[in-house]
Structure formats: structure tokens, C-alpha cells
Protein chains: 2
Amino acid sequence: MIIQIEPQSDIPIYMQLTNQILEGIARGALRQGESLPSVRAFAADLGVNMHTVNKSYHELEKRGIIRIVPKSGAVIQSQEAIEKNNPHYQRIQQEMKTVIAEALVLGFKSEQIEELVASVTKELKGKPRLK
Amino acid sequence: MIIQIEPQSDIPIYMQLTNQILEGIARGALRQGESLPSVRAFAADLGVNMHTVNKSYHELEKRGIIRIVPKSGAVIQSQEAIEKNNPHYQRIQQEMKTVIAEALVLGFKSEQIEELVASVTKELKGKPRLK
DNA sequence: TGTTTGTTCTACATGGAATAGAACAAATGT
DNA sequence: ACATTTGTTCTATTCCATGTAGAACAAACA
């Protein structure tokens, strides 16, 4: 997992970390059942504070991505099929609505959006286990 | 345009407003060439501060959605076809990547994502001019 | 000529973000 | 059994974003 943190960004560090861990899992660099590094080790590796990594882990837990076992580690959750009544589904739906609305207003055609979605999905799913 | 602001949300007011104006334009309730209300009038209408609305307008301008003419108004930009080298395209691409990564990790299948995208797009584009 | 417009400035209060250090009990390693 | 590492929970501090408030100004408008 290659993590790149930009301290000067307007996006909070813990959020940058959250998103990049998310992409890492989606790409298959991290798989279900595996554990994330300890908050102290990860923090030392990234050159950030322990509490910042901790906040990121709890953000991921709140979103249903990982499960934090006290005194043990942060385990990546199994990716089961998701239903429409799942609260996580609703959140994705809302986030998707915001992005698509902005895309449409900027002049994206429906076909362009579908094309972009397909290419991004392929990029993320395409090369499993690649570092 | 029906705007609903939740002051207690963890999403900043100016961002809630930005997103809802965005959706309003996407839906066709506001069309290119038309103007948004004055910052003072809109603020009074929503029960928020003038500066908050002002920040929202400038956020929309930064994203290429509206054009602010000093001493005049906030005009909705024309929605021309967008190219891949457009910086706004790149931003949408990045936002899309984040949402799709989260969706995949949560267990969305590729078909489910395409289905969600199609339904959201249809919902936004489906009923133009409907208040 | 008033009124409204967006802009700019100061000011203040609140809370998030990030860092830092310390302490604790539980889990792990040897 | 002992030492280390683990996540958690405190306190504390600094810096910045958010939101509100009030005032002033020049330009546009009626």
C-alpha cells in the first residue's frame, strides 16, 4: 500500500488517509480478513500523529469498511452483497447524486457519465493483488 | 427552488446550500442564463447569514457553475460539452473514483453501480422545469 | 436620488483538526 | 513470568474553518 499524504491540502489528513485506504481495499491491495497496521506503526510510517490515524480508522468503522477489535487490530470487513434498505446504500446513493448533479451541470452527457463510471470501475477492479 | 438547511448537520451550511443549488440546476428548476437571488435576499429567506450565502456562491463560481457579475448578480453558466482535459472533468473523475471505491468495498456489484448511476441520472434529468 | 447590489473589513464565538504527552488495562511475544 | 505492543482515554495546546454580526463603500438600478 502506497499512501501519499499532502499536509497542505484543504482535505483533512484523516480524510485523505481514509479515502486512500478505501481505494487500496477496492483495488485488492488489502483483502477481507487482513488487518491494517497498528495506529502507532502507521502513524510513524506516515509521519503523522497517532490520533490522526485512529480517527481515520474509526471513520472507516463508522462506514462499515473495517471492524476494530480492541487490543487487537483493524480487520477489513467481508464484502457481502448490499441491499437497498442498507443505510450504507443510502449514503452512497446520496453521494452519487451530488457528484452526478455536478457532472450534469458542468455539461456531461449521460453517455459520458456512464463511460466515466465504467472506466473508473474497471480501473479499480481490473488489477487485483497489484501493489 | 425548495432549499432545506439543517443547521445541526456535520456538513457546513454553505456546502449544503451549494449542493442543493447544484441539484436544482441539474433538475432544471434553474436554467442557464437565469440568475440566483441576491445574497441578502437569499440569506433572509433561508434564515442564515449573508456571508454564508456569499461563500456558497463563490464556491459555485470556483467550480464553474455560475458566473458572478459584480454589482449585478449570479448568473448560471451555459452547460457546454466538456472535454477530458478540462480541469472540472478531472475533479469529477476524482470525486467519482472516491464514491465508486467506497461502493465496491461495501459490496456493490458493477451492475448495481451502473444501475444506481442510471436511476440517479434519470431522476435528475427526468422532470425538467418541475418545481 | 434613494435603494439595492456585491465586496471588503473587523470582530467575536464555537468547534474541528492536528499535535503532544501521559496513563491504563488487555493482548501478544519471548 | 516478564516485557512489549495494543487501542483507549485523558488533558492540553495551537491553528484554522465556520458562522454570525455590523459597518462601510462604490457601482448598478429604479
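All chains are named by letter (A, B, ...) in the order of the sequence lines, taking the proteins before the strands, and each is independently numbered beginning at 1.
- Atom CD1 of A:Ile11 and atom C1' of C:dA18 are 16 Å apart (whole Å).
- Taking all atoms of both residues into account, the shortest heavy-atom contact from B:Val75 to B:Gly33 is CG1-O, 3.6 Å.
- Between A:Pro70 and A:Ile13, the residue whose closest nucleotide on DNA chain C is further toward the 5' end is A:Ile13.
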Distance-only check: which donor-acceptor pairs under 3.5 Å involve side-chain atoms of residues 103-121 of chain A, not counting sequence neighbours?
residue: A:Ser110; atom: OG; partner: B:Lys125; partner atom: NZ; Å: 3.4
residue: A:Gln112; atom: OE1; partner: A:Lys109; partner atom: N; Å: 3.1
residue: A:Gln112; atom: NE2; partner: B:Ile82; partner atom: O; Å: 3.0
residue: A:Ser119; atom: OG; partner: A:Leu116; partner atom: O; Å: 3.3
residue: A:Thr121; atom: OG1; partner: A:Val117; partner atom: O; Å: 2.7

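- Here chain A contacts DNA chain D (any atom closer than 4.0 Å to a heavy atom, that is under 4.0 Å), and the contacts span D:dT6 to D:dC10 from 5' to 3'.
- What separates CE of B:Met50 from C1' of C:dT4 is a distance of 13 Å, to the nearest Å.
- The nearest pair of heavy atoms linking B:Arg63 to B:Arg91 is CB-NH2, 3.4 Å.
- The side chain of B:Ser38 contributes an N or O atom lying less than 4.0 Å from OP1 or OP2 of C:dT5.
- Taking 4.0 Å as the cut-off between side-chain N and carboxylate O, B:Glu59 and B:Lys55 do not count as a salt-bridged pair.
- Taking each heavy atom of B:Gln16 and B:Ser9 in turn, the nearest pair found is NE2-CB, 3.4 Å.
- With rounding to whole Å, B:Phe42 atom CZ is found 18 Å from C:dT4 atom C1'.
- The distance from atom NE2 of B:His51 to atom C1' of C:dC12 is 12 Å, rounded to the nearest whole Å.
- Residues B:Glu83 and B:Tyr89 share a closest heavy-atom pair of O-CB, 3.3 Å.
- Both B:Val48 and B:Arg40 sit near DNA chain D, but only B:Val48 has its closest nucleotide nearer the 5' end.
- The distance between atom CD1 of A:Ile68 and atom C1' of C:dA27, rounded to the nearest whole Å, is 16 Å.
- At a threshold of 4.5 Å between non-hydrogen side-chain atoms, the residues A:Gln77 and A:Glu61 do not count as touching.
- When the P atom of C:dA13 is taken as reference, atom CG of B:Asn49 falls 16 Å away, rounded to whole Å.
- A:Tyr14 comes within 4.0 angstrom of the backbone, heavy atoms only, and of no base.
- Between A:Ile5 atom CD1 and C:dA18 atom C1' the separation is 13 Å, expressed in whole Å.
- Going from atom CG of A:Asn54 over to atom C1' of C:dA20 covers 15 Å, rounded to whole Å.
- Mapping A:Ser72 and B:His58 onto DNA chain C via the closest heavy atom, the residue that lands nearer the 5' end is B:His58.
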